[in-house]
Amino acid sequence: MFLQANEKNQSPKENESETITLPDPDFDGEYSIEQTLLKRRSVRSYSDEPLSLAEISQLLWAAQGITNRQGFRTAPSAGALYPLEVYIVAGNVNDLPDGIYHYVPRGHKLEKVVEGDKRVELWAASLRQDCVGEGAAVIVFSAVYKRTTWKYGKRGNQYVHIEVGHAAENVFLQAVALDLGAVIIGAFYDDKVQKVINMRKEEIPLLIIPIGKM
Ligand SMILES: Cc1cc2nc3c(=O)[nH]c(=O)nc-3n(C[C@H](O)[C@H](O)[C@H](O)COP(=O)(O)O)c2cc1C
């Protein structure tokens with residue numbers, strides 16, 4: 001396992017007293033990649049059953065987990081500059097108090113951002129799409145564009161958008177492989193999502209993925 005340092009991307013929000021170390025991810029799923037691709041379908045309604053912390057761990061590892069000693073991750077990144085940030089809005093997860101958490105790839109851990117179930121606020125910010133309020137947990141991707149554009153200029157904007165697609169598909173396929181329902185949500189008000197998640201000004205929200213048991 002390679003879950004260690006990538007110092008240059010350490011979030012300024014990191015606060016050791018508010019972190020939760022996630023269980024180690026599992027590298028032997030039940031389904032082949034081909035079966036997973038065949039089964040992938042957008043799912044917009046979910047049961048009331050909670051997700052487990054192990055499932056959250058697996059989904060976040062798929063999104064941006066570190067997979068080698070240099071700090072490279074599950075999803076490709078132009079110049080290995082890693083512009084993406086990942087949040088989990090938890091409302092029905094065993095062993096994880098309701099709240100918003102920021103995923104820290106280094107150490108595979110969560111840092112608490114906001115306490116309490118914020119799914120209704122996120123639903124309102126997402127054009128009241130019911131799936132956003134009903135997922136047991138909701139993953140939110142944002143990006144800090146300048147991490148990529150300082151090197152690649154204007155083209156870096158395209159790279160960031162390509163990268164969030166890679167990371168989101170990783171999450172989607174991981175959800176399918178865990179028999180969970182998920183959908184990609186691109187329709188939302190950027191400023192409202194920024195406010196709900198308590199993002200830094202330089203972070204732009206890009207995609208939302210509600211996830212739940214079917
Ligand atoms: C960039 C992007 C944005 C999307 N935004 C939404 C959305 O806001 N709401 C929604 O219900 N589905 C959204 N979708 C999901 C598509 O509607 C869905 O992928 C499409 O209907 C094909 O169905 P499938 O995913 O089951 O193959 C989005 C998909 C993508 C790739």
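Order of listing sets the numbers, starting from 1, for every ligand and every atom in it. Along the sequence shown, residues are numbered consecutively beginning with 1.
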If you take all heavy atoms of F141 and L84, which pair is closest and at what distance?
CD2-CD1, 4.5 Å
Do S77 and E163 meet the criterion of a side-chain donor-acceptor pair at a distance under 3.5 Å?
yes
shortest atom 5 (N) of ligand 1-to-protein heavy-atom contact is with G186 N, 2.9 Å
Protein non-hydrogen atoms only, distance under 4.0 Å: does atom 16 (C) of ligand 1 have such a neighbour?
yes
Atom indices of ligand 1 within 4.0 angstrom of R40 heavy atoms, with elements
24 (P), 25 (O), 27 (O)
Out of I184, V132, V183, D130, who gets a non-hydrogen atom closest to atom 28 (C) of ligand 1?
I184
For atom 26 (O) of ligand 1, tell me which residue out of S126, S42, A182 has the closest non-hydrogen atom.
S42
Of K109, E85, H108, Q64, which is the lone residue that meets side-chain hydrogen bond (donor to acceptor under 3.5 Å, both in side chains) with Y103?
H108
For the student: nearest non-hydrogen atoms of I197 and V113, plus distance:
O-CG1, 3.4 Å
Can you pull out the closest protein heavy atom to atom 21 (O) of ligand 1? Residue, atom name and distance to 0.1 Å, please.
R44 NH2, 4.0 Å
May I ask whether Y46 and I185 are part of the same hydrophobic cluster, defined by side-chain heavy atoms of I, L, V, M, F, W, Y residues being less than 4.5 angstrom apart, directly or through others?
yes
Within 4.0 Å of some non-hydrogen atom of R41, the atoms of ligand 1 are 24 (P), 26 (O), 27 (O)
Answer yes or no: does atom CD of Q35 have more than 12 heavy-atom neighbours from other residues, nucleotides or ligands under 6.0 Å?
yes
Ligand 1 atoms in contact with A187 (distance to a heavy atom under 4.0 Å)
8 (O)
Pair W61 and F27, ring centroids less than 6.0 Å apart:
yes
among protein heavy atoms, the one nearest atom 7 (C) of ligand 1 is Q129 OE1, 3.6 Å
